[in-house]
A.B. asks: 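Here it is: the structure, laid out below.
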Amino acid sequence: MRRFLSARAERINPSPTLAIDAIAKELKARGENVIGFGAGEPDFDTPGEIKEMAIRALQEGRTKYTPASGIYHLKEAVCHKYRREQGLEYQPEEVIICCGAKHALYNVFQVACNPGDEVLLPSPYWVSYYEQIRLAGAEPVLLATGSDEGFKISPELLAKNITPRTKALVLNSPNNPTGAVYSREELSTLAGVIANHDMLVISDEIYEEINYTGLPNVSIAALGPEIKGRTVIVNGLSKTFAMTGWRIGYALGDREIIKAMSALQSHSTSNPTTFCQEAAITALLDPPREAVQMMVAEFKKRRDYMVQRVRAIPGLDCLNPEGAFYVFVNMAELAGRRIAGRIIKNGDDLAQLFLEKIKVAVVPGSGFGAPSYFRLSYALGFEQIREGLDRIEELLTTHC
Ligand code: PMP
Ligand code: GLU
């Protein structure tokens with residue numbers, strides 16, 4: 001039946017982050033004592049007031065289609081949020097509500113890219129950008145960064161890679177998988193380069209609240225009208241409000257781009273789930289601040305603990321991430337070593353070994369464009385984090 005598959009389908013790789021999470025969940029369901037460091041979703045529950053709004057919406061019969069691009073009041077709530085938090089002015093016509101930020105990103109790449117276009121992608125990158133750019137027929141052009149630069153691109157690296165075929169730059173701050181957070185000054189030097197070229201910026205701000213720098217998160221669009229005009233902001237409720245399963249994301253940008261995304265959405269998913277949109281209005285207009293602050297404070301404690309533990313394990317190293325809820329671990333020192341009877345070449349081999357020998361699920365770095373790394377999520381309970389790190393430490397100290 002393979003012969004029936006399109007060239008597009010043949011080119012696509014499944015999401016490794018979701019695959020690892022599925023393996024860990026399946027093993028757990030079978031009663032195995034697995035520690036899942038794969039999940040990129042907060043382990044906290046969605047705040048009660050948001051759930052209540054969804055229940056009320058259901059009881060009031062909000063169970064029908066909405067406009068394909070989302071409820072007008074929710075678009076207004078998105079505008080309100082960006083005005084309140086970033087001082088940015090958008091109209092509801094410049095907003096689309098999608099089935100998660102991932103879907104918003106998919107729509108942007110589909111409407112912006114032609115075959116042969118290049119999209120600049122700082123690397124390490126979150127797995128789905130790479131595949132979505134290719135699905136849109138464009139080429140991801142990787143801007144390689146390392147731990148010495150804090151995994152951030154410089155204006156020089158950006159300028160060097162811009163060609164007449166460049167369509168867009170993808171920015172993700174706070175970053176998955178590295179945890180890097182760009183400062184206002186850093187964004188401003190990048191905006192200076194972008195201003196000299198006819199290109200878009202796709203700014204994925206989904207981890208905006210999970211930022212430990214003590215400084216407010218800055219959207220590159222807030223740095224002036226010129227850069228705002230070129231930016232498509234992508235955001236969603238999954239991370240800030242622990243709402244991964246609700247599937248509500250959104251994008252803000254030029255009305256022609258939003259209109260094209262809405263047309264595409266009207267022929268694919270139609271509207272995101274109606275009662276989830278209704279609850280999202282409450283989340284954005286009157287955010288449960290205490291619940292969010294409590295969650296971020298807990299993430300910070302876990303990050304501090306995890307970084308200190310990882311650095312103490314021979315052969316492993318990591319930067320101190322400034323945002324999101326991942327530690328990106330460098331295992332290059334272990335490459336080529338025999339561990340528990342097996343030669344470990346890279347992060348893929350190590351992740352496989354962890355799963356088989358000690359029932360610990362981590363995401364190998366290859367899916368993020370960094371084969372000598374693996375990613376640990378700390379969106380799981382403290383005791384589990386301790387147990388998982390104990391197992392890794394034990395394996396690497398006794399079998400290495
Ligand atoms: N962007 C990044 C960087 C992410 O890590 C995620 C997590 N899945 C998403 C977008 C998509 O989030 P969602 O579709 O759940 O809104
Ligand atoms: N963004 C999360 C992660 O990177 C969730 C999984 C996904 O959507 O890829 O793990």
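Counting begins at 1 with the first residue of the sequence. Counting starts at 1 for both ligands and their atoms, in listed order. In this text the structure is predicted, and so the values were computed from the model without any measurement.
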A.B. asks: CZ of Arg8 to CG of Leu135: how many Å apart, nearest 0.5 Å?
C.D. replies: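 Going from the CZ atom of Arg8 to the CG atom of Leu135 covers 7.5 Å.
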A.B. asks: Give every pair made of an N or O atom of ligand 2 and a protein N or O atom lying under 3.5 Å apart, one pair per line with both atom names and the distance to 0.1 Å, or write 'none'.
C.D. replies:
residue	atom	partner	partner atom	Å
ligand 2	1 (N)	Lys239	NZ	3.3
ligand 2	4 (O)	Trp126	NE1	3.1
ligand 2	4 (O)	Asn176	ND2	2.9
ligand 2	4 (O)	Arg375	NH1	2.9
ligand 2	8 (O)	Lys102	NZ	2.9
ligand 2	9 (O)	Thr17	OG1	2.6
ligand 2	10 (O)	Gly40	N	3.4
ligand 2	10 (O)	Arg375	NH2	2.8

A.B. asks: List the atom pairs, with distances to 0.1 Å, where a side-chain N or O of residues 314-330 and a protein N or O form a donor-acceptor pair under 3.5 Å, not counting sequence neighbours.
C.D. replies:
residue	atom	partner	partner atom	Å
Tyr326	OH	Tyr207	OH	2.6
Asn330	OD1	Ala332	N	2.9
Asn330	ND2	Tyr373	OH	3.4

A.B. asks: Atom CG of Leu252 and atom OH of Tyr82: how far apart are they, to the nearest 0.5 Å?
C.D. replies: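 Between atom CG of Leu252 and atom OH of Tyr82 there are 6.0 Å.
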A.B. asks: Test question: given the 4.5 Å side-chain rule for I, L, V, M, F, W and Y, name all other residues clustered with Leu187, or answer none.
C.D. replies: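 ILVMFWY cluster around Leu187 also holds Leu120, Val141, Leu143, Ile153, Leu157, Leu158, Ile162, Leu169, Leu171, Tyr182, Leu190, Val193, Ile194, Met199, Val201, Val218, Ile220, Leu223, Ile227.
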A.B. asks: Are Val119 and Ile257 in one and the same hydrophobic cluster, where Ile, Leu, Val, Met, Phe, Trp and Tyr link if side-chain heavy atoms are under 4.5 Å apart?
C.D. replies: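 The answer is yes; both residues are in one hydrophobic cluster.
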A.B. asks: Run the salt-bridge test on Glu139 and Arg165 with the 4.0 Å N-O cut-off and return the result as yes or no.
C.D. replies: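 Here Glu139 does not pair with Arg165 in a salt bridge, since their nearest N and O are not under 4.0 Å apart.
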A.B. asks: Evaluate the criterion salt bridge (charged side-chain N to carboxylate O under 4.0 Å, His left out) for residue pair Asp204 and Lys102; output intermediate values, then yes/no.
C.D. replies: CA-CA 10 Å; Asp204 180 345; Lys102 191 183 275 185; over 6 Å; no
A.B. asks: Heavy-atom contacts with ligand 1 below 4.0 Å: which residues, ordered by chain and residue number?
C.D. replies: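 Within 4.0 Å of ligand 1, the protein residues are Gly100, Ala101, Lys102, Trp126, Tyr129, Asn172, Asn176, Asp204, Ile206, Tyr207, Ser238, Lys239, Arg247.
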A.B. asks: I'd like to know if Leu376 and Tyr212 are part of one continuous hydrophobic network [Ile/Leu/Val/Met/Phe/Trp/Tyr, side-chain heavy atoms within less than 4.5 Å].
C.D. replies: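 Both belong to a single hydrophobic cluster.
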A.B. asks: Can Leu18 be reached from Leu105 by stepping across I, L, V, M, F, W or Y side chains whose heavy atoms are under 4.5 Å apart?
C.D. replies: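 Each belongs to a different hydrophobic cluster.
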